[in-house]
Structure formats: C-alpha cells, structure tokens
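Step one of this worksheet: look at the structure below.
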Amino acid sequence: MDFKSVERKWQEKWKEDRIFEPKVKEGKKFFITVPYPYMSGSLHIGHGRTFTMGDIIARFKRLQGYNVLFPMAFHVTGTPVLAIADSIKKGDEKVIALYKDYVRIYEKDEKRVEEIVRSFVEPENIAKYFADKAIHDFLSMGYSIDWRRRFHTAEPIYNKFVEWQFQKLYEKGVIKKGKYPLTYSPADGNPVGEDDIKDGDTDKVSIMEFTAIKFRMDNGNYLVAATLRPETIFGVTNLWVNPNGNYARVRVGDETWVISNEAYEKLKYQKRDVEKIGDISGRELIGKYVEEPANGRKVIVLPAEFVDVDNATGVVYSVPAHAPYDYQALVDLKKSKEYEKYGISEEEMNEVEPIKIIDIKGYDMPARDICEKMGIENQKDARLEEATKIIYKDEFYSGVLNEKCGKFAGIKINEIKDEVKNWLISMNRGDVFYETSRKAVTRNGNKVIVAVLDEQWFIDYSPKWWKELGHKETDKMIFYPEKYRDMMHGIIDWLDKRPCARKRGLGTRFPWNREWIIESLSDSTIYMSFYTIAHIIRENKIEAKKLIPEVFDYVFLGNGDKKEISEKSGIPEEIIDKMREEFEYWYPNDLRHTSPAHMSNHLAFFIMHHVAIFPEELWPGGISLNGLMIREGAKISKSKGNVIPLAHISERYGVDLFRLYCAVAADMDTVMDWKEAELSSLRKRFEKFVAMLEASIGAEELSGEMNHYDRWLLSRFYRRYEESIEQMEHFKIRDAMLNMIFHLSNDIRYYEKHVGEERSRKMVRKIMEDLLKILTPVIPHTAEELWHRMGKNTYISLEKLSPPKKEYIDETLENEMEYVDSLIEDIREILSVAKIEPKKIYIYTAEPWKWEIYEKIKDVSPKNAIKEAMKIEVPVEKGEVAKFVKRILKEKRKFSKIDERKVLERERDYIAREIGADIEIDSDYDPKNKKPIAMPLKPAIYVEQ
RNA sequence: GCGGGGGUUGCCGAGCUAGGUCAAAGGCGACAGACUCAAGAUCUGUUCCCGUAGGGGUUCGCCGGUUCGAAUCCGGCCCCCCGCACCA
C-alpha cells in the first residue's frame, strides 16, 4: 500500500465532507479536549504523542456511537513570543538561526525563509505563522479536529471571554489585590525567577517568612529581632547583636526600628514608608536592656559574632533552654568573660539563665542536655547543627508549651501555627520579615532579596469553600491513571494565592487595571466552554464589543433575560439561542487529555475555575494523561539537536505507522522512548499485516460448514475483539492494539498453518469488517482505504462498532488447541534434552480414573484432598492414588475437561508434521512403562529411537 | 524539607491495585538453523544455571514478616526520578 498517498487522499476527503464537524443532535455526545499548544515554534513528535492519544480516544468514542467534538485552538498569551520578537529585532544571531530552522521545516526557498523570519519582529506574526503551520501539521496527522471552532488567545473575542471569567471570580471574592513576596533583584529592578538565579535550578531559593519581634528600648526605639519560631519568645533571655556589625535607625511609619544596614536595604522593598534616619554600631547596642513583648521582662543585649547581619534583621533573640547555639554561645561568653570588654558585669551575666518553656519527655533542659550528651565544647562545633535538628524534631513531635507561655500553655508544638505570631502582630509588637532561604545572586552577580509587591493582583485559591468544591470534583471525575487523583487532592490542598497579572506580554488586559495583562495560565482555565460557541461568533461575524458579560452569563449560566440581553448587546436573539443550545449540548467537557506536567498548574486551575463558576452538572468529566516522549534514551530538546518535527512524520515515517508506534511503544502512562530500531521493526510487521489484509480483500468470504480450526480462529478473534473494546474503554490502548494486531497475527498464522493460505484469506475476509473498525482509531487512513476497497461507500471513521459475536467464543476449543501445543512443546523438550532422533512417538493419555479424581478434588482444600480421593473406586492400588493426588497438589494446575484422546486423534497429523515422526496414541505397547506418569492434560510420552 | 512515582532476568519494558497457571508477556540485541553465490531482508528455534526423557536449582533493590505458597501483601532499610508557583 502506498501509505503516503492514501493518507493524503483520505485527509482531503474528510476535510471536503466536513465529517469531523459535529452538529447538535439527539443521542449521546462526547466532548474531548487537549490543551492548545503555545505557538512559539513548530510542533514535534513529543507534542505528537499527546495529540495522537487524544485523537485515538476521540475516534474510539465515535466508534462507540458518541457524537464527538474534538476542537483545537492556539495559545499565544504571555511573554515568550514577545521576548523572541525582541531578540530578533535586536539581531540576536542565535534566536534568528533557531527560527530560520523552524521555518525551513516548511519553506524550501531560503529567500522566503529570510523574509518570514524578518517579519517575526512583530510578535503577532510569530504566533500567526506557527498557528497556521500547526493546523497544517495537525491535518497531516489525520486528527479528527473540528477546525471551525479554532481561535487564538490574543483575539478580542477571546479577551472578552476571559474578562467575563474574571468578573465571575471577582464576584466570588477570590480576585484580590495585595501584598505578595517574591524574589527580586534591586540592582536590576526586576523580579527574578528560578531561571535568573545563579544555580537556581540545582539549589532552590525559597522565600522564608520570619517573624520580626520588636523589643522596646529605653529611648522608645525598637530593636527588632527575627525568628522562625515565634512561640519561643516566652523563653527569651537576651538578644544577640554582632559587635562588628553596622546597624541603622530606620523610621517605619511612626516607629523607629533598629536593624542591620543590610536588613534596611531589604526592608525598603518589603514595606512602604521606610526611611533610614541614623547609624548605630553593634557595639553601642551591647549591654543595653530591652523589653520583651510577651511578659514585659527586661533582657540584655549581648555580643555574638555568629550573628549574620545579612540574614533577616541582623538581630536575633536567644532561647538558651531550647536552642543549642544559644546555649553554647552563652556558656562560652560566661566562660571567656568577653562581656567585660563591653562593660557588662558578672552579676548581670549571671542573671541570664535558660528559661524552659517546652516540656518534653526525656529532657530536663533540652539544649543543655543535648550539648552535654554530644560533648559539644564551644559554639564553633559543627555538630551544633545536628543538635539543633534533633532538638527541633523532638520538640516538634512531642513538645508542649508549658505554664510560662500564658494563654498558649498546653499547646503542642506541632499544632502551633501562626497563633503566637498573630498575637504579637495584634499587639503591634510583631511584624513579618521575608528572607531568602539561602544567599543568592542573579546570573549577573546581583544580589537577590525578597521584595513585597503591594499592588499585585492575585487569585486566592485558599478559601475553604473553594477547596472543598475542588476536592469534591476530584473525587467525582475520572482519572487515568488513577494515581493522579491523590496527587490532585494534594495539589488542591497546596494551592494558595497566585499572582494572575503581569505588566508585559500578549493577552487580555486586566479588567480593573488596564496596565496589567492577565497571566497566561490564568486565562486558560475554562476556555473549553468557548469552543462550544466560537464558530457561531465567527460565522455570524459578531464583533468583540458585542460580547458583553450578560451574553456569557446567559449562554454559559442561563442567567438573565434573553430579550434584554439581545437589545443591549446587539446580538440577535436567535444567535444567542443557538449559542446557548450548543453550549448546553456539549458541556461538560467529558475528557481532558494531556501530560502530567500540567498537573500542578493548568489542570488544577482547570478544576478549580470550573467548580467556582459552573454548576456541578457542568464540571469536567475526567482527565487522562500520557507520559513524556524521549528519543533513544535522551530528552528531546532543540539544544540536543534530536527534535523530529511533526511536519516530517508523513514524509519520513508514515502517519499511521507513527500513530501505531505511539499506541504500542509504551503504556500511555509511562515514558515512551522513540527508538529508530524499534520503529523499523514495527514498520515491517505493520506492512506485513496490512499486506495480509490487502490480499484477503479479494477473497470470497468464508461460508458454509466450518471445521474446528475455523471455529477456533473465530473464537480467538472475537475473544480478543471483546477484550480490546474493554481495554480501549479503560485507556489501555497499547494492550488493545497488541491484541488486535500482533497477537491476532500470530493466531492467523497458526490457523494458516493448519488450513492453508486460501482458506485463511477467506477467514480474514470474514472478520475484516470488525477488525478494521476497531483498528480505525489508531490507523485511520489505512482502515479507511481498506474499508473502501472492500466496496463500502461510508466512512469507517464514522462507523459504529458491532458488538462482539459472543456465540463464536468457544473456550473448550481454545483449550484443546493449547493442549496440543503444550504437548508438542513437551515432546520437543524431551528430544532436545535426550538428544535423540525419534522414529515413532507414543502418547498415553491419563486414564479416566485420574480425571475422575481430579474433578473430585479440584475444589477441595489440600488437607482433605487425599482423603476425598480415596473415596473413589479406582482400578489401581491406593498407594498410586495418593501419589497421583500429591502430584496434582504440587502442580496446582487448573484445567477444564477436554476429551484428550479425541483431540489427539484429530490433530495426529499436525503433531506428526511438527515433530517429524509418526504418532501413536494410547497404544498397549509401553516398553518403558510410561503410562502411569500421565496426568490430566499432560499425557505420558515415549519416544522410540 | 514537603508531595508524588519507581527499583523486574544482556538492554528497554509488562506483570505487580484481585498472592499460586511466573523462569516471569512483548520488543531490541545476541546465537543457531532454513533461504541466498554472498550480504541484507524474511522465516524457525534458542537466549539464568545444571540435566541423555518432559526434571532440578537459583532469581524480580536489601533485610525481615504474613502464608501451604510472594516479583506480587505487611514492616524496616538503601538507591533513583519528578513537581514545589507567577513559568509556558
């Protein structure tokens, strides 16, 4: 078969007859979507796997009689396309070369390539060019997509839709403006992402939230210490300040804070109205007394060189009862009498004693106990780190705040969340200070700090009602593979506030502040609903400005008065009706197919936004996911140079072969490794299979009396057919195709061995119709071609599956054949082990009494088996019966009854042919006394040389 | 750190949510035979170890447990991979 021209032929016919443009009609429907691709380049085989899987599912559902909608659109929102256009404008050689490569996939003429890439200085041109090419690629893959509904995400009509969506979320109270901490480079004046930070990919930088606690100084200023464990404030004995550090007096609103200079530089980016009003050295602070906020005790400021002025506020408070570092520093200081240098007296030092505030089994004074136990001698001991970890872990799991903690007494450490922090903040003695989890710089070497944007818009996913709906839907919907359900629950729990607007990029302007653009994942959450009406908007040339929120309210939610809306929007009533009808028919989205990379962002938002906006009956029906594709063991990436564009598939491999390879090379769930060697072996087998089908088309369908071989093949086929349907339904596409192509091929070959080629063809012709149908989802072009060559004038792509002809399934017959084959195998093994040339082979089947006993004891527990067996009267001695039963128990085989002798007589010639020797069955001649060995389904064998 | 997934015979990879029919599917690779002047392709067979009668032995990351019986269930340990937010 000339696959290439067959592909083209049917793609054109499908397009011409618009067979994948479903209409609203009676009967069951199925609405499947695959996320639209981002249009910053050409598509490759990795994308191809996901879209192919989507198409296979869509086509299978069609086969099952569903009216299937499979639409597609294009994503252009965000900054990447913009950045590419900028780079090209600036003449960035690398980017220009990359994009020339992309364009060369489609254009032969180098001049034309130049010209096109030059046009890419406009970001819209990039999106438009690649979207056009993507349509071409998708068509060339035979995907059954309804292209009338396509759009891209920067179109005004789509913008209107996204605005409406945000309006709905706003009404729910989850669109908020507020403070948001993020990593930031003051020198660059920009937020920095993981990609911008040096070693950011290998050594993650996260944002830590410290509680800043204000200790009142005599002059009314606050010395501000930062901590990650605010509940320990009750055990504070002193503050630590670096005597060599430079500190600053900083006006914060109407207060004055003392923090390190470095901390001031950070605070500027975290709070408004912050101003440095003076310097103060660390030395000057030492020896002063400050008032702690919990109980109003006065505590002393002590020197400590371990205090890092470039971490948080540069001031820490000391809890020597529970922090090994603090404890050891205090011990060292007392011992060295260094404090005298700062004019602190021994009496004052003696006042500073650990205050235990956490009760925990096994410890008297936790920090002291662990330091002594580990033999830690001074504060430079590296094991302090470990000691801290141990104490923290023990306290976390079994510690309880004691009576010194006022109203917090009795709370377990692992149950304390923000109570103490919030309490301090409510007294105006606490605040939040953000710090990076490690010291970090940008790739250019600029310092990275945490800045707080206070005009940031975000979606707040944290409300309880919302998460509850999300969990409810996650429980209800289909997940394939099932394991992703639990993962989704975890993700929904983890969701929190998420910024949803940026200053740059293509997309939809933020409705409440036009300077902001809605961020690209936030605008792609419920767009599947837009597919239901996009073609109506297009065909009726409805301008974006007419798509006022009331229109969407009516179409998607059924709210409002149609007549009024029609007047207000200028859209005729019948068109509004049509949109509503179309939406009501297609929604919900029955299945969303994509890859697991989308779990924690897109798919989570997909669920959350649906449950927030739509009534429960319109929530998504399910999610299915296929794994990554790699090539020859390596990740596919442009930089590795191992990308195969989707546009080359038809030319170089053949589309149906590619589709089949995607289907069988790996379970949908797992990583698929594209291997050229495997692909070429698959090609051979596939071509052979197709050739076999082609050769059978002309044959006359098998009719009349059927022999047992005929019945056997029909039984095998319809068993597999039935299994395959079941497998396809459960997304076991690989199993189904292995079953229907490769295992079936083996059956047919086996059958042909018995009945010859001519009869085999007739048989294949007999099952061909059903066979082609079930193969259609995976190899649609080949199936369509063979279907028509069979003389059919419908599209197999639109045919319905026939139910399996169960009357043909004959288990006993299949068991008989299996029995014969395992016997042949046994004989072969004997021949090979014994290294003998057979002249004649004697086969002795198990005597009837053995079958009788077997039938009797097969369901009896092993303990009673012998006893039961003895009850049967047999023509042999009891000892032999016991021996036989023991063997049965040992082999533990399950078999159903067949008439062995009858089968062997029937297959005698076949066995003789396979072995190359004469066969005699149940002869009285038994020179080596083999007969007693015979077991049900395992005859005794004697080979005569 | 938190969350998720996984370690299977030369390699890749099923099976392991319902324990026995599992020495463990399938593919790749390798070996042998058929075909061919030859190579390739194709077909057949073999591919953990031992064995001149269909048998036996040792395997499914490591250690232990449950069971008549575990690659499959339970506990502990070791190792690997992925995600962790403003990024499409």
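Labels below follow one simple rule: chain letters A, B, ... track the order of the sequence lines, proteins then strands, and each chain is numbered from 1.
Taking atom C1' in both G54(B) and G7(B), the straight-line distance is 36 Å, to the nearest Å. With both ends at atom P, the span from C73(B) to C16(B) equals 10 Å, rounded to whole Å. Comparing the P positions of C63(B) and U44(B) gives a spacing of 41 Å, expressed to the nearest Å. The gap from the P atom of G15(B) to that of G69(B) amounts to 27 Å, rounded to the nearest Å. Rounded to whole Å, the P atom of G65(B) lies 15 Å from the corresponding atom of A71(B). Spacing of P atoms, C2(B) relative to A25(B), comes out at 40 Å, to the nearest Å. Across C12(B) and A85(B), the matching C1' atoms stand 35 Å from one another, rounded to whole Å. Using C1' as the reference atom, G4(B) and G56(B) are 44 Å apart when rounded to the nearest Å.
Nucleotide C22(B) is matched to nothing when pairs are restricted to Watson-Crick or G-U wobble geometry with both distances under 3.5 angstrom. Summarising the base pairing, C11(B) is matched to G27(B) through a Watson-Crick or G-U wobble pair whose two defining distances lie under 3.5 Å. Base-pair partner of G55(B): C50(B) (Watson-Crick or G-U wobble, both distances under 3.5 Å). Pair assignment for A32(B): U44(B), on the basis of Watson-Crick or G-U wobble contacts that are both within less than 3.5 Å. In this structure G83(B) sits in a base pair with C2(B), meeting the Watson-Crick or G-U test at under 3.5 Å.
Two residues, S40(A) and I827(A), neighbour RNA chain B, and the one matched to the more 5' nucleotide by heavy-atom proximity is I827(A). Comparing Y484(A) and V943(A) along RNA chain B, the residue whose closest nucleotide (by nearest heavy atom) sits nearer the 5' end is Y484(A).
To the nearest 0.5 angstrom, N746(A) atom CG is 12.5 Å from I741(A) atom CD1. Atom CG of residue L679(A) and atom NZ of residue K684(A) lie 10.5 Å apart, to the nearest 0.5 angstrom.
Looking at the side chain of N601(A), the nearest of the listed nucleotides C28(B), A88(B), A85(B) is A88(B). Residue K930(A) has its side chain nearest to A53(B) when only A88(B), A53(B), C28(B) are considered. Side-chain proximity of L495(A) to A88(B), G5(B), A85(B): nearest is A85(B). The side chain of R498(A) sits closest to A85(B) out of A88(B), G54(B), A85(B). Of the candidates A85(B), A53(B), C28(B), the closest approach to any side-chain atom of S681(A) belongs to C28(B). Across A88(B), C84(B), A53(B), the shortest atom-to-atom separation from the side chain of R502(A) is found for A88(B).
A donor-acceptor pair is defined here as one N or O able to donate and one able to accept, closer than 3.5 Å; no such pair exists between the side chain of S760(A) and the backbone of E752(A).
Y942(A) comes within contact range of at least one nucleobase, with a heavy-atom separation under 4.0 Å. P481(A) comes within contact range of no nucleotide atom at all, as no heavy-atom separation falls under 4.0 Å. If you check every strand for non-hydrogen atoms under 4.0 Å, R485(A) touches nothing. Within 4.0 Å (heavy atoms only), D826(A) reaches at least one base atom of the nucleic acid. In this structure, D486(A) reaches neither bases nor backbone, as no heavy-atom distance under 4.0 Å exists between it and the strands shown. Counting non-hydrogen atoms under 4.0 angstrom, S206(A) reaches nothing in the nucleic acid.
Look at D926(A) and K931(A) and you find no salt bridge, because none of the NZ, NE, NH1 or NH2 atoms lies under 4.0 Å from a carboxylate O. At a threshold of 4.0 Å, the pair E814(A)-R719(A) counts as salt-bridged, since one of the basic side-chain nitrogens sits closer than that to a carboxylate oxygen. Between D747(A) and R720(A), at least one side-chain nitrogen of the basic residue sits less than 4.0 Å from a carboxylate oxygen of the acidic one, meeting the salt-bridge criterion. The residues K483(A) and D669(A) are annotated as salt-bridged, a charged nitrogen and a carboxylate oxygen being separated by less than 4.0 angstrom.
Distances shorter than 4.0 Å separate none of the side-chain N or O atoms of R749(A) from OP1 or OP2 on U42(B). Regarding contacts with the backbone of C84(B), every side-chain N or O of S600(A) stays at 4.0 angstrom or more from both OP1 and OP2. Side-chain N/O atoms of K688(A) include one lying less than 4.0 angstrom from OP1 or OP2 on C43(B).
Taking each heavy atom of D493(A) and K467(A) in turn, the nearest pair found is O-NZ, 2.7 Å.
Separating the CG atom of L660(A) from the P atom of G27(B) is a distance of 14 Å, rounded to the nearest angstrom. One can place CE of M599(A) at 20 Å from P of C2(B), the figure rounded to the nearest angstrom. In this entry the distance linking CD1 of I630(A) with C1' of C82(B) reads 14 Å, nearest Å. Per the geometry, CD1 belonging to I843(A) stands 16 Å off P belonging to G54(B), to the nearest Å. Rounding to whole angstrom units, CE of residue M740(A) and C1' of G26(B) are separated by 17 Å. Following rounding to the nearest Å, H598(A) (NE2) and C84(B) (P) show an atom-to-atom distance of 12 Å. Note: CG (L521(A)) to P (A88(B)) measures 7 Å, nearest angstrom. In this entry the distance linking CZ of F689(A) with C1' of G26(B) reads 17 Å, nearest Å.
By the 6.0 Å contact criterion, NZ on K179(A) is open, its count of non-hydrogen atoms from other residues, nucleotides or ligands being 12 or less.
Taking 4.5 Å as the limit, some side-chain heavy atom of T525(A) sits within range of a side-chain heavy atom of Q165(A).
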- Message: Does the protein touch nucleotides 13-18 of chain B at the base, only the backbone, or not at all? Give it as B, S and - per nucleotide, heavy atoms under 4.0 Å.
- Response: -S----
- Message: Run the side-chain contact (heavy atoms from CB on, under 4.5 Å) test on W674(A) and R49(A) for me, step by step, so that the C-alpha distance in whole Å, both residues' side-chain angles and the decisive distance to 0.1 Å come before the verdict.
- Response: CA-CA 11 Å; W674(A) 175 281; R49(A) 182 182 188 196; over 6 Å; no
